Amino acid sequence: MTKKRGTKYVVKKGSAYWPNKEMKAIANMTDPKIYTKAAKDPVKFWEELAKVGLTWESLWSPKNGYVEKLPYFEWFKGGKINFSVNCIDRHLDRGDQTALIWVPEPTNEDVIKLTYAELYDKVNRFANVLKENEIKKGDVVSIYLPMIPEALIAMLACTRIGAIHSVVFSAFSADALNARIKDGKAKILITSDGYYRKGKPEPLLDKAKKAAKKTTIKKIIVVDRIGKKVRGSMFLDFHTELELAESYCKPEVMNSEDIMFILYTSGTTGKPKGVMHDTGGYAIQAYQTCKWNFDLHKEDIMWCTADIGWITGHTYAFYGPLLVGATTLIYEGGPNYPNPGRWWKIIEDHKVNVFYTAPTAIRMFIKTPQSWIKKHDLSTLKILGTVGEPIDKESWLWYFNSIGGGRCPIIDTWWQTETGGTLINTLPGIGPFVPTVSGKSFPGLKHVIVDDKGKEMPKGKKGLLAGVSPFAPGMLHGVFNNHKKYVDTYWKKFKTMYDTSDGAYLSNGLFRITGRTDDVMKVAGHRLSTAEVEDAFHDNSLISEVAVVPMPDKLKGQVPIAFIVLKKGSPSKKLESKLRKYIDIKIGPTARPKRIYFVNDLPKTRSGKIMRRILKALLINEEPKGLMTLINPESVDKIKEVILSNEK
Ligand code: WTA
């Protein structure tokens, strides 16, 4: 069989790629002047997009398109909208179109497809289930689900009745879930008995039960995924309840500014913060970025590989594609199961057009035998996206050539949990596509590169990336129950500009992102803070002192490394493995340190501050600087010895 080539969408000019005729002919946005047009009146620009792109119950008054009273700002104030109507109801004239394709991990199980009409039915019913369980507008619902259709149904059902969903990554531990339930005071927890991962059923319910203890949770609604028996008056079966419920639920009319969801994310302190997103502003950003960045059309199938526990899963695996009225594909399991060809087979089987993943996955597939990729027909692909970490040139080129067949634009999207949707990238119909470079601020948005004091850096010089007013409609509306944290994290440094905590520089007028400037790590694309891992260790009675620092890793981007001073016990491989497992229980395996070094002392300043910078230097074999500020400089050589002796 000769393989199909697929349409070519790019042309090379110098070291960059640009959209060709074919791309321009289909792209939703091809006008390079859109940036200057939008910049003339960004508020008006977004208001127009929101009027055309979304279905409103009633519009905001013209003077309330954007109201800024920093550190807060509001979009479309007074506008009335329901999010689930925008994702489902308004597409019912094409009710037979597939909204969701779900690929289970076990290859002997059937793929499930839900049309918009079927999704409508299930979401309405589940919204009624929530109501019957006394969930009202403004209540928080905790969702601890893997990548299964019920996650989408549950989340959309919340938005139908105006409940605030708080999704927690299913690989997080019971302790992590417990802390998030407590913060949000959720009355209902929606979970599953488990899911399939790497060929095996992975139980989830025990963690959920443990997490719900001594919290406000009154009922746990359980999806039967792996056939475990669930007993007890606290539990309800997801599908039984769904079938018993009424088939129509009137959508709650929400204010555009009402909070739609909370998503906890790591910052520089030990406790994750609940980032709050509103309804209308978030909706337009999810919709518009999906349409323009990924050139998503109603007939397209988009596959974003992110888990629903992260913002990318919320915005681009679920909400963005549905707002556009397209088809979204989600996959339950591991990328290598049952073999490294699984992802590529999924693209071939389901004729995926837009594929969005993280550099970590790309780096992993560079290393697998390429025959697993070559044997699949990837000719339906049109756009490739990347997110979560800076992408190196080798990975970019491999992605472009081996997955995209040298045909598809790569859209390198920079954004954060806090921003709700993408903020910086090139648009496929405009270009250019340059390895390692993200691109321009989305039309109607502005970012600058500044020094510590907020002064703009000379062109091409590296500095801090900051957002400028008017701030993107999808941006966070505060930190749940924590005004101070919101102000301190995002507004303290620059006052009138949003502090992204990322470093960047301009290359030919395009942003190149260099990575976090704070203590946030990106471990296999997952956001974690060093302080969070340190805090978890502090709860262990064997540990006297601990410092966690990120170390560069070829596959995962960064991995956490822990330096521990013991209170009790003596260093051993066994203790190292026990303490690594301790982190699995406290946070989850994503946070598990790759190595633990047992040391007698940590480098500290006179005021007792642990100098993590020095530890970082030692890990990458660099000469540490600033030893004279230490109260115990001799600790450094000793730590060096520990690292070296462990390498042997
Ligand atoms: C990093 C993920 C380089 C960045 C959507 C940011 C990126 C953090 C890119 C947010 C990119 C995200 N290039 N770095 N294209 N996209 N980042 O909250 O450091 O999980 O601050 O949101 O990921 O991570 P979060």
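Not measured: the values here are computed from a predicted model. Numbering starts at 1 and runs along the sequence shown. We count ligands from 1, going down the list as the structure has it; atoms in each ligand are counted the same way.
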Does an N or O from R516, backbone or side chain, lie closer than 3.5 Å to an N or O of ligand 1?
yes
Passes ring pair (Phe, Tyr, Trp, His ring centres under 6.0 Å), Y319 versus F83? Steps please.
CA-CA 9 Å; Y319 291 148; F83 190 77; 4.7 Å; yes
The atoms of ligand 1 lying under 4.0 Å from a heavy atom of I513, numbered in the order shown, are 3 (C), 14 (N)
Among T413, V387, L263, whose heavy atom sits nearest atom 11 (C) of ligand 1?
T413
No-hydrogen, no-angle side-chain donor-acceptor test under 3.5 Å, E389 and T360
yes
Could you walk me through whether R407 and Y9 pass the side chain to side chain donor-acceptor pair (under 3.5 Å) test, one step at a time?
CA-CA 5 Å; R407 304 182 296 108; Y9 293 109; 5.4 Å; no
Rounded at 0.5 Å granularity, tell me how far CD1 in I262 sits from CD1 in I259.
8.0 Å
Which residue holds the protein heavy atom closest to atom 13 (N) of ligand 1, what is that atom called, and what is the gap in Å?
E389 O, 3.3 Å
Atoms of ligand 1 under 4.0 Å from any heavy atom of W415, numbered from 1 in the order shown, are 2 (C), 5 (C), 6 (C), 10 (C), 12 (C), 16 (N), 22 (O)
Mark up the atoms of ligand 1 that fall under 4.0 Å of a heavy atom belonging to D412, in ascending order.
11 (C), 13 (N), 15 (N)
Quick check on contacts: which atoms of ligand 1 are under 4.0 angstrom from a heavy atom of P390?
3 (C), 13 (N), 14 (N)
Indicate the atoms forming the closest heavy-atom contact of A317 with T328, along with that distance.
O-OG1, 2.6 Å
Where does the angle between the aromatic ring planes of Y66 and W75 fall among parallel (under 30°), tilted (30 to 60°) and perpendicular (over 60°)?
tilted
For the 3.5 Å polar cut-off, considering only N or O atoms, please tell me whether Q416 and ligand 1 meet it.
yes
Counting from 1, what ligand 1 atoms have a heavy atom of G388 closer than 4.0 Å?
1 (C), 7 (C), 9 (C), 12 (C), 16 (N), 17 (N), 23 (O)
Under 30°, 30 to 60°, or over 60°: which ring-plane class applies to W415 and Y316, parallel, tilted or perpendicular?
perpendicular
Starting from atom 20 (O) of ligand 1, locate the nearest protein heavy atom and write down its residue, its atom name and how far away it is, to 0.1 Å.
K522 NZ, 3.4 Å
Which protein non-hydrogen atom lies closest to atom 19 (O) of ligand 1, naming both residue and atom, and how far is it?
D502 OD1, 2.6 Å
Give the C-alpha distance, both sets of side-chain angles, the deciding distance and a yes or no for salt bridge (Lys or Arg N to Asp or Glu O under 4.0 Å) between K455 and D451.
CA-CA 5 Å; K455 204 170 137 266; D451 66 12; 5.0 Å; no
Counting from 1, what ligand 1 atoms have a heavy atom of T312 closer than 4.0 Å?
5 (C)
Can K440 be said to sit on top of Y35's aromatic six-ring, NZ or CZ under 6.0 Å from centre and within 45° of the ring axis?
yes
Under 4.0 Å from a heavy atom of T417: give me the atoms of ligand 1 that qualify, with their elements.
18 (O), 20 (O), 22 (O), 25 (P)
W414 to ligand 1, any heavy atom closer than 4.0 Å
yes
